[in-house]
Amino acid sequence: MFSFRFRVGWLLLPFLFMTSAVLAAETGGLEQRDIVFYYGSRPPVEDLRHFDQIVIQPSQILPHEKTALLNLDALVFAYVSFGEVARNSEDMPRIKTKWSIGINPAWNSLVMDMTDPAWHDYLLEQHFGRLWQDGYRAFFLDTVDSYLIVTSEGKIREEQETGLVALLAEVKRRFPGCKLILNRGFEVLDRASQYADGMVAESLFHGFDPVTGKHAPTKEENRAWLLNQLNRAQNEFKVPVTVLDYVEPGNWAEAEKTAQQIVKLGFMPWVANGDLTWLGQGRLRLASRKLLAIINGTPAQQMDQELFRHAAMPLEYLGLALDYWYIDQLPLPIEPLVGRYAGIIAWLNGEALDSNGRYESVCARLKPEVDAGLPVVFVGHLPSGVACRDLIDYQGDLQPATDSLELGAVSDRLGRPDNAPVVGSGTPDVRARDRNDAWLTLSDGEKSFHPIAVSAWGGYALHPHIISESASGRRDWLLDPFSFFQAALRLPVQPVFDMTTENGRRLGLIEVRGDRLFVKDEQGVEAIDRLRAWIEKNGAPVTLGVIEAEVNDEQHREKLRQFAAMPQVRLASHTYSHPFYWGVFEGKKDADQQPYRYSVFMQDYAADITRETGGTVTFLQSIAPQSPTLLIWSGDGKPGPATLAAAQKAGLAHYGGGGLRWQSGPLSLADLSPAVRPTEWGPQVLTPLTGEPLFAQLWYGEALNFGKVSDWNHQLDLGRRLRVSSISIHADAFLHARGAELLDQLVEQQREENLLGVWVHEYAQRVRAFQTASIARDLDGNWLLFGDALRTVRLPVSETPPEISGDVIGYSDLHASRYIFLARNHAILKTAGVKSGNGERDGKASALRLSGASAPLKSWHLNLDGSATLLFEPRGPLTLEVPVSCVLSMDGQALTPKSQGSNAVYVMPEDGASGEFRLEC
């Protein structure tokens with residue numbers, strides 16, 4: 001009801017989304033617009049955009065969150081207490097008691113006089129006016145009928161109702177075009193319906209008692225009366241009705257059943273907890289794909305954290321975007337985590353034995369989440385203490401074993417390598433209460449140890465049985481992280497956004513960093529000229545990161561302009577002076593111990609993070625005005641908070657750092673970074689494979705070592721497609737006698753793989769979208785996807801094929817996954833076939849579909865005659881694959897396939913790849 005407390009008994013607390021405020025004004029009614037109520041802090045904007053109407057409490061959100069919400073294609077309603085003022089609210093110092101006509105004893109709040117012009121003026125100026133200036137164009141009016149608490153039938157009540165209606169009319173007059181949703185107000189509907197764009201009432205099937213905090217079914221007699229009033233509002237007065245019901249967080253079965261009942265009655269549902277801080281169930285339910293990652297330390301230490309270095313990559317493959325929470329700095333959020341997150345993972349440091357109870361509050365906070373069904377996974381160490389033992393339900397004292405141990409039972413799902421050592425010393429004394437939960441059992445002859453287990457509450461995997469480390473620093477998994485995390489987090493079958501594939505083709509990336517771009521080789525030819533000849537011969541999209549300080553005269557500038565004019569080339573900033581060790585900008589004391597801090601030394605230049613980041617944009621645009629705004633990090637690629645903030649302030653997307661931490665031997669997935677580093681200052685897109693330190697290690701040590709990149713790219717597409725195919729080099733590689741020859745081989749291998757080539761800024765868009773993509777599911781079982789720049793989702797091949805539609809272009813199967821191609825950033829994914837009489841789909845797949853294309857899709861349209869029209873953005877010669885039963889034509893002329901197998905393959909030369917294609921099956 002008020003700033004931090006809201007009445008839920010017979011006053012409402014709503015949150016609503018609608019497709020565009022402009023659309024709402026044009027179409028009027030809100031009856032078919034899905035609604036969500038969220039009164040907590042940290043609104044999950046990307047998830048809330050699935051709804052057409054959102055109701056929020058403005059005092060609970062920060063300015064940047066408000067801006068993000070108002071920028072959605074939705075109608076955002078601001079909460080306004082229309083008829084009461086809480087005694088602890090910020091309004092009280094300015095409220096005159098004579099404006100009140102009584103007390104609401106349930107909340108000890110003032111019931112306001114709806115006839116008092118002073119109260120009208122206060123509301124209009126201090127609430128509606130301020131919110132209008134903040135950008136809100138819709139309001140949810142709570143406590144509309146509070147006057148009923150302190151007035152009896154007769155003249156006084158009639159006067160209050162007259163004043164109430166007059167105030168509604170004045171709101172509509174003073175704020176033209178605004179939308180109003182009322183919490184109840186049945187007694188004045190005959191006069192107020194003309195001002196009401198919607199009405200909300202709660203507790204039709206389930207109510208909430210704010211005194212006891214309990215959720216309970218509504219009494220039948222109360223339900224009958226309320227249902228009569230709701231039908232009257234919607235049928236007689238044509239006011240769209242939303243019903244808000246309450247169940248315990250995580251009670252999805254009851255929430256969905258209740259939503260179905262409300263829909264059948266003809267009303268819009270939202271079912272959540274009494275505080276409206278749980279993202280519950282409406283006609284849509286959000287399908288969580290965020291994982292709360294609890295770690296120690298600070299954001300500056302993120303890239304060195306074990307969770308980030310090892311676990312984040314397989315979690316990304318499973319479709320999970322990580323939300324890092326630094327437990328040493330902030331307590332966990334008070335709002336329910338179930339519904340908002342798919343689960344929680346904690347990789348705590350060795351201090352987790354925690355003799356002083358450091359993590360007790362964390363475990364106590366997580367206990368109700370586990371009870372509500374949210375899985376929690378601990379990796380590395382288990383925290384001790386009463387609350388943690390109650391949460392994790394383990395036996396043992398966690399003290400490390402010192403004797404040798406023997407290997408006992410091992411779960412098949414553990415994926416333990418045959419050559420994995422049997423580690424004894426350091427194994428914690430821990431046992432799962434139910435031995436069937438143990439995935440790994442060790443024994444000293446008397447006592448059993450279970451260092452890895454998956455249970456009903458989640459699971460754990462403890463040192464030293466997670467990762468091995470060689471003397472050279474190479475790390476290898478001692479378990480299958482994909483299998484373990486899938487099981488411990490109880491991940492459901494739902495679409496997984498994929499960053500590696502588009503239109504059925506693996507993405508290909510070629511990135512050149514402009515180090516020593518104008519240095520000459522032994523024949524006196526500059527590296528940029530060698531690079532240009534190489535690009536012209538190979539034809540694939542190439543991104544060049546330019547170090548501004550190296551382009552130090554007009555001749556260089558002109559040559560770079562001509563280079564940027566090549567159709568295959570896009571430029572990006574590679575900083576101003578190419579800092580190697582970014583810690584110097586954070587005042588790291590060991591900066592002087594690094595081999596070097598800058599690769600370009602200039603007289604009278606002092607290191608400046610603004611100059612190195614946003615300060616390069618003007619130069620780049622003067623050389624290539626059409627270039628994307630992208631920064632490629634130099635050196636170690638570990639910008640700290642201040643540097644990241646400088647890039648964010650300049651509006652720079654940024655890329656670099658990460659990749660493979662290779663020491664020796666074959667590629668190890670435990671040493672492969674995630675694709676993205678989420679930070680408070682925006683996401684840092686990481687190098688898929690070869691960062692600058694690794695390039696220097698491979699290339700400058702012995703050029704032939706760089707041939708390993710081809711093998712690594714191949715390995716990252718075996719069994720699972722984990723990465724795009726990536727070539728990352730320095731311009732001065734072309735100064736090496738074998739440079740162009742070796743790089744020709746790598747590009748030829750990419751060409752043979754028939755990739756879809758993209759520039760780095762396009763790849764960065766897709767990876768950044770992975771952090772913001774969201775999924776919901778409606779009551780009919782259809783998936784609603786916001787993929788932003790991503791155009792591919794995966795499902796197991798065992799699932800029924802998708803229905804081809806205006807949103808879904810086609811699919812192809814690879815390994816154990818079905819890659820489904822989307823036509824746009826907001827798509828509905830349905831199971832193939834149409835619903836039969838029993839409500840189930842027949843599962844019959846349509847022959848009309850695209851099986852693969854080597855270029856990004858520009859448009860896809862289903863025609864009335866059952867054919868489809870396609871248009872691509874050509875990147876050189878275009879290859880298309882379609883089912884053999886289909887015919888492909890371009891500009892009205894049928895094409896002849898080059899080959900046929902399970903699919904017909906069509907190849908169009910570059911000059912014939914930009915026409916309109918028609919697919920008939």
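Everything numeric here is computed off the predicted structure, so don't read it as measured data.
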Under a 3.5 Å distance rule, please check whether Glu692 uses its side chain to pair with a backbone N or O of Gly635 as donor and acceptor. yes

Less than 3.5 Å apart, any donor N or O on the side chain of Trp662 or Asp671 sitting next to an acceptor on the other? no

Should the pair Arg289 and Phe497 be classed as cation-pi, given the thresholds of under 6.0 Å to the six-membered ring centre and 45° from the axis? no

Do the charged groups of Glu748 and Arg751 touch, with an N to O distance under 4.0 Å? yes

With rounding to the nearest 0.5 Å, note down the distance linking CG in Leu814 to CZ in Arg721. 5.0 Å

Begin with the C-alpha distance, continue with both residues' side-chain angles, and end with the deciding distance and a verdict on side chain to side chain contact (heavy atoms under 4.5 Å, CB included) for Ile510 and Gln750. CA-CA 10 Å; Ile510 301 177; Gln750 280 196 340; 3.7 Å; yes

Side-chain heavy atoms of Glu469 within contact of Asp476, under 4.5 Å: no

Distance check, rounded to the nearest 0.5 Å: Leu689 atom CG versus Ile727 atom CD1? 10.0 Å

Given 3.5 Å as the limit, does a donor-acceptor pair link the side chain of Ser774 with the main chain of Glu46, or not? yes

Determine whether a donor-acceptor pair (N or O, by modelled atom type, separation under 3.5 Å) exists between the side chain of His815 and the backbone of Asp717. yes

Please tell me whether Thr298 and Gln329 have a donor and an acceptor in their side chains that are separated by less than 3.5 angstrom. no

Which is it for Ile729 and Leu746 under the side chain to side chain contact (heavy atoms under 4.5 Å, CB included) test, yes or no, and what are the steps along the way? CA-CA 11 Å; Ile729 59 176; Leu746 294 177; 5.7 Å; no

Are the side chain of Ser673 and the backbone N or O of Arg309 linked by a donor-acceptor pair below 3.5 Å? no

Output, in order, the C-alpha distance, side-chain angles, deciding distance and verdict of side chain to side chain contact (heavy atoms under 4.5 Å, CB included) for Phe482 and Leu669. CA-CA 11 Å; Phe482 305 97; Leu669 295 184; 4.1 Å; yes

For residues Leu667 and Lys708, determine if any side-chain heavy atom of one lies less than 4.5 Å from a side-chain heavy atom of the other. no

If the plane angle is over 60° it's perpendicular, under 30° parallel, otherwise tilted; pick one for His761 and Trp759. parallel

Does the side chain of Trp699 reach to within under 4.5 Å of the side chain of Val709, using non-hydrogen atoms? no

Charged N to carboxylate O under 4.0 angstrom, Glu762 versus Arg570? no

Would you please test Asn296 and Leu348 for side chain to side chain contact (heavy atoms under 4.5 Å, CB included) and show each step? CA-CA 6 Å; Asn296 300 108; Leu348 303 174; 3.9 Å; yes

Check: Leu694 and Thr687 side chains under 4.5 Å, non-hydrogen atoms: no

Mark yes or no for whether Asn503, through its side chain, and Ala855, through its backbone, hold a donor-acceptor pair below 3.5 Å. yes

Student check: side-chain heavy atoms of Asp608 and Tyr576 closer than 4.5 Å: no

Do Glu550 and His574 have side-chain N/O donor and acceptor atoms under 3.5 Å apart? no

Drop me the distance from His463's NE2 to His381's NE2, to the nearest 0.5 angstrom. 4.5 Å

Thinking salt bridges, do Arg768 and Asp788 make one under a 4.0 Å N-O criterion? no

Contact check, side chains of Phe308 and Ile295, non-hydrogen atoms, under 4.5 Å: no

Considering only heavy atoms from C-beta outward, does the side chain of Leu672 approach that of Leu716 to under 4.5 Å? yes

Hey, is the main chain of Ala642 close enough, under 3.5 Å, to the side chain of Glu586 for a donor-acceptor pair? yes

Does the side chain of Thr616 pick up a donor-acceptor pair with the side chain of Glu548 at under 3.5 Å? no

Contacts of Trp325 meeting ring-ring contact (aromatic ring centres under 6.0 Å, His included) (sequence neighbours excluded), chain-then-number -> none

Is the ring pair Phe695/His730 parallel, tilted or perpendicular, if the boundaries are 30 and 60 degrees? tilted

Could you tell me whether the side chain of Val767 reaches within less than 4.5 Å of the side chain of Pro683, counting heavy atoms only? no

Please check this pair: side chain of Arg474 against backbone of Gln663, looking for a donor-acceptor N/O pair closer than 3.5 Å. no

Just how far is it from atom OG1 of Thr613 to atom CG of Leu644, taken to the nearest 0.5 Å? 10.0 Å

Answer yes or no: is there a donor N or O on one side and an acceptor on the other, between the side chain of Asp328 and the main chain of Gly297, under 3.5 Å? yes

Crowded around His714 NE2? As in, over 12 foreign heavy atoms under 6.0 Å? no

Using 0.5 Å steps for rounding, measure from the CG atom of Leu756 to the OG1 atom of Thr500. 11.5 Å

Ion pair present between Lys638 and Asp304, side-chain N to carboxylate O less than 4.0 angstrom? yes

Would Arg794 count as a cation-pi partner of Tyr317, with NZ or CZ less than 6.0 Å from the six-membered ring centre and within 45° of the ring normal? yes

Please list, chain by chain and in numerical order, all residues satisfying ring-ring contact (aromatic ring centres under 6.0 Å, His included) with Phe518, sequence neighbours excluded. His556

Would you say the side-chain atoms of Thr543 pair up with the backbone N or O of Val760, donor to acceptor, closer than 3.5 Å? yes

Could you state the interatomic distance from CZ (Arg561) to CZ (Arg557), rounded to the nearest 0.5 Å? 6.5 Å

In a check of ring pair (Phe, Tyr, Trp, His ring centres under 6.0 Å) between Trp633 and each of Phe585, Tyr655, Trp582, which one passes? Trp582

When you compare the side chains of Gln684 and Arg677, does any donor N or O come within less than 3.5 Å of an acceptor on the partner? yes

For Glu752, does the CD atom have more than 12 heavy-atom neighbours from other residues, nucleotides or ligands under 6.0 Å away? yes

So, does Glu502 use its side chain to make a donor-acceptor pair with the main chain of Thr792 at under 3.5 Å? no

